[in-house]
Amino acid sequence: MEREIRADAAPALGDVRQMGEGDTVWLASSVRQRADWQRYLSACFAAVSRGADVRWCRRG
């Protein structure tokens with residue numbers, strides 16, 4: 001499964017936390033503009049601990 005997190009759109013935090021091996025979270029550079037960016041960062045750490053990849057998008 002692939003999910004993208006942007007300033008204007010993002011999946012539910014719980015969905016990101018449950019991601020694991022074989023899944024990828026894509027981070028747009030605009031994600032840092034989100035008021036809840038730190039919560040998504042924490043969810044990404046949880047996903048990585050379950051085997052997911054977290055990558056930056058080249059587009060905004």
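For clarity, every value in this text was computed on a predicted model and none was experimentally measured.
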Quiz prompt | Qualifying side chain to side chain donor-acceptor pair (under 3.5 Å) pairs with a residue from residues 36-53, counting only residues at least two apart or across chains | solution = Arg34-Asp36
Practice problem: Evaluate the side-chain proximity of Val31 to Trp26: yes if any heavy-atom separation is below 4.5 Å, no if none is. | Solution: no
Taking distance alone, no hydrogens or angles, what donor-acceptor pairs closer than 3.5 Å link side-chain atoms of residues 11-25 to residues at least two apart or in another chain?
| residue | atom | partner | partner atom | Å |
| --- | --- | --- | --- | --- |
| Asp23 | OD1 | Met1 | N | 2.9 |
| Asp23 | OD2 | Gly20 | N | 2.9 |

